[in-house]
Undergrad: 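Structure below; questions to follow.
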Number of protein chains: 2
Amino acid sequence: MRPSKRDELVQNALTIFYREGFHAAGMDLLSAETGISKTTMFKHFRSKEDLILAVLKLRDEQFRTWLFSRMEEAETPKGQLLALFDALGEWFAEPEFRSCMFIKAASEYPDPAHPIHAQAAEHKRLLFGQVEKITAQAGADDPAALARMLLLLKEGAIVTAHLGHEKDPAKDAKAAAAALLSGLPG
Amino acid sequence: MRPSKRDELVQNALTIFYREGFHAAGMDLLSAETGISKTTMFKHFRSKEDLILAVLKLRDEQFRTWLFSRMEEAETPKGQLLALFDALGEWFAEPEFRSCMFIKAASEYPDPAHPIHAQAAEHKRLLFGQVEKITAQAGADDPAALARMLLLLKEGAIVTAHLGHEKDPAKDAKAAAAALLSGLPG
DNA sequence: GACTTTATTTACCGATCGGTACATTTACGA
DNA sequence: TCGTAAATGTACCGATCGGTAAATAAAGTC
């Protein structure tokens, strides 16, 4: 089953939106860079907003799949939680790294009631659910609270890697995470 | 010395850009909402980009002044560092809260070489310098590393307050910060 | 081979984008 | 009161915005 034209479009739109921003990348640019005519694009998606929602859905799947497969390489729950920050470090080192697609989406669509903002928030919720499972396995007294704290470090590291002058925010985040996890076995 | 028309423009533009986003808020909208004609705006600023840079400069001053005056209400350095997160909590509770202006700027101008992106990064650098002074006063073994970790929590809390489902990210960040500060006196 | 779906090109729509020309009005200092 | 600078409204510029019409060209299904 070859990737359909629609799937190609969503994947390429993801790359372009991530690099340029949602408002800055117009439908004409997408058409020019993907080689897919505007007419075809608007046959698959009623509006630019619909295309963005499809892009965010794809990114959500890709990112969570990638992150948790990297984490599962560690053997203990505690090791998996620390491995999260190693994975971040590799991501930050990519030359194409431009922060988190969902933070960018929320920045460009600041109203929480906007569908794009809401879908970005949903990604963060799904992520939290998966991390909370692991903090529970790790034997935390309050797995939800620990997961929230670890994810604060994760979001902070992403923002700082994009915006900051720091050398290695993932390393700092891992060190802080290790301190938060110090009471746990494994 | 009354606020000049120019200062009024920058302050009002700040509010509108913060609420709508940089790309989404056009010069016509700014003119309509501020009551200042486009002609006058372009007499003060050669381009929209110049106006945005002035807005970021104003926001940098206002935000750092506000934050550190709130922190200085605490008496010990350690107390000041924890007070940072109390101040964040009050900020997040404001109905107009829409994340951090500089994170938004970096999101909309993802290229680190872009002047707007660079100026946003400068804000984070200035903030780090001030926090590092306090972590040094607090007697940290590695004041720079501690400051970096605390600021990771700060950035994470801001993003999560805007995007997340969490009730009180400032409280979580403060709890995590307290754990990182637990070895310090005060 | 006929038929339907999918993708294509080209040209276009009204609205808005950032930015400007120009003539007029307001306001203040000397 | 005069002169000058600041601010104004109106009207406009070419380019781009998101989105569409219509006619054609492939491509796969029966």
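If you're wondering where the values come from, they're calculated on a predicted model, not measured in any experiment.
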Undergrad: Can you give one letter per nucleotide of nucleotides 10-18 of chain D, 5' to 3': B if a protein heavy atom sits under 4.0 Å from the base, S if only from the sugar-phosphate, - if neither?
TA: B------SB

Undergrad: CG of A:Leu153 to CZ of A:Phe85: how many Å apart, nearest 0.5 Å?
TA: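 Rounded to the nearest 0.5 Å, the CG-CZ separation comes to 5.0 Å.
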
Undergrad: Is A:His44 close enough to C:dT6 that one of its side-chain N or O atoms is under 4.0 Å from OP1 or OP2 there?
TA: no

Undergrad: Would you mind checking if A:Glu33 and A:Arg19 are paired as a salt bridge, meaning a charged N to carboxylate O distance below 4.0 Å?
TA: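 Yes, this pair counts.
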
Undergrad: Would you list the atom pairs, donor with acceptor, under 3.5 Å between side chains in residues 175-185 of chain B and any protein atom, with sequence neighbours excluded?
TA:
unit_1	atom_1	unit_2	atom_2	d
B:Ser182	OG	B:Ala179	O	2.9

Undergrad: B:Met41 CE to C:dG19 C1': how many Å, rounded?
TA: 11 Å

Undergrad: Measure CG/A:Asp7 against P/C:dT6 and give the value in whole Å, please.
TA: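 The answer, rounded to whole Å, is 14 Å.
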
Undergrad: How about CD on A:Glu75, more than 12 heavy atoms from neighbouring residues, nucleotides or ligands closer than 6.0 Å, or not?
TA: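 No - once you tally the heavy atoms of other residues, nucleotides and ligands closer than 6.0 Å, there are 12 at most.
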
Undergrad: Which whole-number value in Å describes the distance from B:Leu9 CG to D:dA6 P?
TA: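 It works out to 16 Å between those atoms.
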
Undergrad: Just how far, in rounded Å, is C1' of C:dT5 from CZ of A:Arg6?
TA: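 Distance check: A:Arg6 CZ to C:dT5 C1' gives 16 Å.
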
Undergrad: May I have the distance from A:Ile36 (atom CD1) to C:dT9 (atom P), rounded to whole angstrom?
TA: 11 Å

Undergrad: Between B:Glu61 and B:Arg64, is there a side-chain N and carboxylate O pair less than 4.0 Å apart?
TA: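 A salt bridge is absent here (no side-chain N lies under 4.0 Å from a carboxylate O).
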
Undergrad: Could you pick out which residue, B:Gly35 or A:Arg46, lies toward the 5' side of DNA chain D when each is mapped onto its nearest nucleotide?
TA: B:Gly35

Undergrad: Would B:Lys124 and B:Phe102 count as a cation-pi pair here, with the cationic atom under 6.0 angstrom from the ring centre and within 45° of the axis?
TA: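 No, B:Lys124 and B:Phe102 do not form such a contact.
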
Undergrad: Both B:Lys43 and A:Thr40 contact DNA chain C. Which one's nearest nucleotide lies toward the 5' end?
TA: A:Thr40

